[in-house]
Protein chains: 2
Amino acid sequence: MPHSASRTWTISELAEEFSVTARALRFYEDKGLLNPARHGQTRVFSATDRARLRLILRGKRVGFSLEEIREMLDLESITKGSPQHLGVWMKRFRARIEVLKQQRRDIEDAIEELEAGCAWMEARQADLEPSEELKSRARAFEALARARLEH
Amino acid sequence: MPHSASRTWTISELAEEFSVTARALRFYEDKGLLNPARHGQTRVFSATDRARLRLILRGKRVGFSLEEIREMLDLESITKGSPQHLGVWMKRFRARIEVLKQQRRDIEDAIEELEAGCAWMEARQADLEPSEELKSRARAFEALARARLEH
DNA sequence: CATAACGCTTACGTTAACGTCAAGTAACAA
DNA sequence: TTGTTACTTGACGTTAACGTAAGCGTTATG
């Protein structure tokens, strides 16, 4: 048993580490996403709880609702289910994968546009000796900006 | 002037095309994201309005709030602003780019996990002649599943 | 020993993004 | 004329994900 496996955290330690509030952690417990041990009535978070929290927050970042995250975190019910039950989960997973891939495309497009926008602003702001490369990116942005509202 | 430039849409045509409700479109107008023309008191959407709607929905998919989208759609106020104003926008853009890149990483991780999960379920479900590749992906998922709750 | 500092529960408040009526108008069909 | 359909403007309801505040117990510190 390595040291990290036996280490525990208080609610505010975890809250600070992951930049969330203690209220949020209690809320996640309320909703069944976390299940920290208790010492008296004080919550004691294990390394496992901490790992679950990491997954919860990542899930949130990619657009899962807390309810969806709760279901997915419950590996037991997935692995122990009947073959039919398994089929339901596979459908859900596949559908979600498609959504995520679309999201990734959207994000890549958005990044491109924002970067072109930055380049354009840099060119504007400098207005002194704009490099050829900057001017080219700026032209790209202007083209994008026009294209955005046409077709 | 191509034909598509003069074509117009009713609120329910657009709503159906983009799988949103008419209520949502009115809401977007209320919030200043859309500005369709009127024929009498009936809304008439142009190709430009339609393009804006496409941008709005993509913005939503990548996590922008309607208020943020409204600001970004207002190119005028960005391009016409003072150099200082421009600086503010550049900061916002850059910050948002970082968020988007993190989001992309999260999404890629999530896709991997979900795909591994699918492979694992397939192997379980078949239980007959599981191919070497499937078995390998299944093992990968089991490793992932364990790793998820450790460390 | 008092007064922070930290934790707990209970409960009501808040915001975004619409949903869901209600009540009315304008266009067209039978 | 009378439906029927599509559109309009309010106005209030809803859900998720917490925020915020009240009130109370426990531990550490000057």
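Chain identifiers are assigned alphabetically (A, B, ...) following the order of the sequence lines, protein sequences preceding nucleic acid strands; residue numbering begins at 1 within each chain. Computed over heavy atoms, backbone and side chain alike; hydrogens, waters and symmetry mates excluded.
- Regarding Tyr28(B), its OH atom lies at a distance of 13 Å from the C1' atom of dG19(C), rounded to whole Å.
- The salt bridge (charged side-chain N to carboxylate O under 4.0 Å, His left out) contacts involving residues 82-93 of chain B comprise Glu71(B)-Arg92(B), where partners must be two or more places apart or lie in separate chains.
- As a whole-Å value, the separation of Glu13(A) CD from dC6(C) C1' is 11 Å.
- Residue-level contact check: Lys60(A) touches the backbone only, with heavy atoms under 4.0 Å from sugar-phosphate atoms and none from bases.
- Asp109(B) places no side-chain N or O within donor-acceptor distance of the main-chain N or O of Asp106(B), the cut-off being under 3.5 Å.
- Partners of Glu98(B) under the side-chain contact (heavy atoms from CB on, under 4.5 Å) rule, at least two apart in sequence or in another chain, are Lys101(B).
- Annotation: side-chain contact (heavy atoms from CB on, under 4.5 Å) contacts of Ser65(B) (sequence neighbours excluded): Glu67(B), Glu68(B).
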Using a 3.5 Å cut-off and no angle test, enumerate the donor-acceptor pairs between side-chain atoms of residues 78-88 of chain A and protein atoms at least two apart in sequence or in another chain.
from	atom 1	to	atom 2	distance (Å)
Thr79(A)	OG1	Leu75(A)	O	3.2
Thr79(A)	OG1	Glu76(A)	O	3.1
Lys80(A)	NZ	Glu76(A)	OE1	3.3
Ser82(A)	OG	His85(A)	N	3.2
His85(A)	NE2	Trp89(A)	NE1	3.2

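- Residues passing the ring-ring contact (aromatic ring centres under 6.0 Å, His included) test with Phe45(B): none are found, sequence neighbours excluded.
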Only distances under 3.5 Å count here; give the side-chain donor-acceptor pairs of residues 114-124 of chain B to other protein atoms, sequence neighbours excluded, each with its distance to 0.1 Å.
from	atom 1	to	atom 2	distance (Å)
Trp120(B)	NE1	Glu142(B)	OE2	3.1
Glu122(B)	OE2	Arg94(A)	NH2	2.3

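- The stretch residues 33-42 of chain B does not touch DNA chain C, since none of its heavy atoms comes less than 4.0 Å from the strand.
- Residues passing the side-chain contact (heavy atoms from CB on, under 4.5 Å) test with Glu16(A), sequence neighbours excluded: none.
- Following rounding to the nearest Å, Asp30(A) (CG) and dC12(C) (P) show an atom-to-atom distance of 15 Å.
- Taking every heavy atom of residues 15-26 of chain B and every atom of DNA chain C, pairs under 4.0 Å involve Thr21(B), Arg23(B), Ala24(B), by number.
- Phosphate proximity of dG7(C) to Arg43(A): absent, as no side-chain N or O sits under 4.0 Å from OP1 or OP2.
- Proximity of a side-chain donor or acceptor of Ser12(B) to a complementary backbone N or O of Ala15(B) within less than 3.5 Å is not detected.
- Considering only side-chain N and O atoms, Thr10(A) lies nowhere under 4.0 angstrom from the phosphate OP1 or OP2 of dC6(C).
- If Phe45(A) and Phe64(B) are placed on DNA chain C by their nearest nucleotide, the residue sitting closer to the 5' end is Phe45(A).
- Under the rule for a side-chain contact (heavy atoms from CB on, under 4.5 Å), the partners of Glu113(B) that lie at least two apart in sequence or sit in another chain are Leu55(A), Arg58(A), Leu144(B), Arg148(B).
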Side-chain donor-acceptor pairs of residues 23-37 of chain B under 3.5 Å, sequence neighbours excluded:
from	atom 1	to	atom 2	distance (Å)
Glu29(B)	OE1	Arg43(B)	NH1	2.2
Glu29(B)	OE2	Arg38(B)	NH2	3.0

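- If you walk DNA chain D from 5' to 3' and mark each nucleotide with an atom closer than 4.0 Å to a heavy atom of chain A, the marks span dA17(D) to dT20(D).
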